[in-house]
2 protein chains.
Amino acid sequence: MDLDRASPRPPADRRPTRERLLDAAEELFAERGFAGTSIRAVTQTVGVSVSAANYHFGSKEDLLHATLRRRAEPVNQSRIAQLERAEAEAGPAGPELEAIVDAYLRPAFSYEVVPPEPRRQLLARLFSDPPEIVAALRRDLLGEVTQRFVDALERVLPGRPRAEIALGLEFAVGVMVHLVGQQHSLVPDASDGTPFFSSAEIADRMIAFAASGLRASVAHAAD
Amino acid sequence: MDLDRASPRPPADRRPTRERLLDAAEELFAERGFAGTSIRAVTQTVGVSVSAANYHFGSKEDLLHATLRRRAEPVNQSRIAQLERAEAEAGPAGPELEAIVDAYLRPAFSYEVVPPEPRRQLLARLFSDPPEIVAALRRDLLGEVTQRFVDALERVLPGRPRAEIALGLEFAVGVMVHLVGQQHSLVPDASDGTPFFSSAEIADRMIAFAASGLRASVAHAAD
DNA sequence: GTCTATAGTTGGATAGAC
DNA sequence: GTCTATCCAACTATAGAC
């Protein structure tokens, strides 16, 4: 029973402090944003001292960046994987617009790629925390993937200016961020508290909304 | 020249302190959110003491609420006015879906209703500041107007469940909030810094996007 | 209605022991 | 790698003078 004596703590506590700090920070930053979250709140959640966080991450801003990076990377990988799969399955004309939009939007909404609330809300902070804190990182995390998707969309919207396509994708990002951020007023609940829509149904409808909207906004006032 | 001696300050300084505080608070809350804004930053902008703000508004939270209320009310009035105008112009079948969506989305985007950046961004904080601070006010400010628009949409989408329509409108709100919040990565600038799209053009395309998306999301998996 | 002064917290970050 | 202790700055809110 040496093993038991050496690991008396529950599994969650045996993970490296650095990762436990990232987990706690992710949850708090997701719920309260950068300014609304203190390093102390993070370290008290984990049960370590403030200086432990500063040792591992250097500053509060770097801690936020680390949480955002950790979460954005699997989302982007899933986006690319979905897009490549759609391209492999499609003929030489390339995948349908709906499939491209699906590949971009669904990963941020999938519990297989992103943890449940409240941590899922974290990526919305990339768009609501102050620009000095998140703008450069946002470009770094989203720029390349997004250009890849604009490329794909150009093939199904031949002749349309790239800027119009990018604007349409920006609209789609807006819908996604709003839903991921979970500050809804309108999505109704049934009177007994059961939601009217499952998460998967919301995602399906969101994708239908964005795909149709993208087509229409790009066709808008077409010359 | 008694008048001159009695009013030596520029016009901006002659407005009541309460309103100058609201103006400064609006700009700072819009840019930095609730937690990222201090009462001191607001009062220093105006050039009064901290206790002046607490005298007029009671607390930081009440100050935020006052700024949000002041800005939301004209937007809602414009929404209702636009909707009623569309209803008056339409036949007995009621206005087109596009006109309804336009009436809901355009006011928050119009410089005739809302001041320019950064203050225009304020209403996006209704969806990114902590729920304890904004959720109840959000329902108060948006609930009634939005139900009115769901009513109007039910007439052009006969037979569709109200919940589906509300979800579609929630998607549209997401696009609007994202654009009003001004944290874009994708909308491209020309290399010389001139934006590709004017504000009006973005609004037009946003409305085309949302209207088409709403139709598609409500039609989605229709039984 | 606005001020000064201050109470009482909380914050980010670092020094230095272990 | 984690701690305690500490610095110092900034914060919200209020009391009380004018």
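Chain identifiers are assigned alphabetically (A, B, ...) following the order of the sequence lines, protein sequences preceding nucleic acid strands; residue numbering begins at 1 within each chain.
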Practice task
Whole angstrom is fine here: how far is it from NE2 in B/His56 over to P in D/dA13?
Solution key: 16 Å
Problem - Value in whole Å for how far the P atom of C/dG11 lies from CG of A/Leu63 - result: 14 Å
Problem - Separation of atom NZ in A/Lys60 from atom C1' in D/dA9, rounded to whole Å - result: 14 Å
Practice task
Report yes if some heavy atom in the side chain of A/Arg106 is under 4.5 Å from a heavy atom in the side chain of A/Val113; otherwise report no.
Solution key: no
Exercise for the section: Grab the CD-P distance between B/Gln44 and C/dT2 for me, whole Å please. Expected result: 17 Å
Practice task
Please determine if a side-chain N or O atom of A/Tyr55 lies less than 4.0 Å away from the OP1 or OP2 oxygen of D/dT2.
Solution key: no
Practice task
Would you classify A/Thr37 as touching base, sugar-phosphate or nothing, given that sugar-phosphate means primed atoms plus P, OP1 and OP2, and contacts are heavy atoms under 4.0 Å?
Solution key: sugar-phosphate
Problem - Heavy-atom side-chain contact between A/Phe127 and A/Val173 under 4.5 Å - result: yes
Problem - Euclidean distance, atom CZ of residue A/Arg40 to atom P of C/dT9 [Å, nearest integer] - result: 14 Å
Exercise for the section: Would you indicate whether the side-chain heavy atoms of A/Ile207 and A/Glu98 approach each other to under 4.5 Å? Expected result: no
Handout entry: Audit row: B/Val134, B/Leu64, side chain to side chain contact (heavy atoms under 4.5 Å, CB included) steps and yes/no
Key = CA-CA 9 Å; B/Val134 295; B/Leu64 174 70; 4.2 Å; yes
Exercise for the section: Check if the side chain of B/Ser38 and the base of D/dC11 share a donor-acceptor pair of N or O atoms closer than 3.5 Å. Expected result: no
Practice task
Indicate, with a heavy-atom threshold strictly under 4.0 Å, whether A/Arg18 touches base, sugar-phosphate, or nothing.
Solution key: nothing
Handout entry: Whole-Å gap separating P (D/dT2) and CD1 (A/Ile39)
Key = 15 Å
Completion exercise
Side-chain atoms of A/Val48 come closest, of C/dC3, D/dC3, D/dA13, to D/dC3
Completion exercise
DNA chain C nearest-nucleotide lookup for A/Ser51 and A/Ala41: closer to the 5′ end is A/Ala41
Practice task
Please state how far atom CG in B/Asn54 lies from atom C1' in D/dA15, giving the value in whole angstrom units.
Solution key: 12 Å
Handout entry: Contact under 4.0 Å: B/Thr17 side-chain N or O vs C/dT2 OP1/OP2
Key = yes
Exercise for the section: State, with a plain yes or no, whether a side-chain heavy atom of B/Arg71 is found less than 4.5 Å away from one of B/Arg120. Expected result: no
Exercise for the section: Grab the CZ-C1' distance between A/Phe57 and D/dT2 for me, whole Å please. Expected result: 14 Å
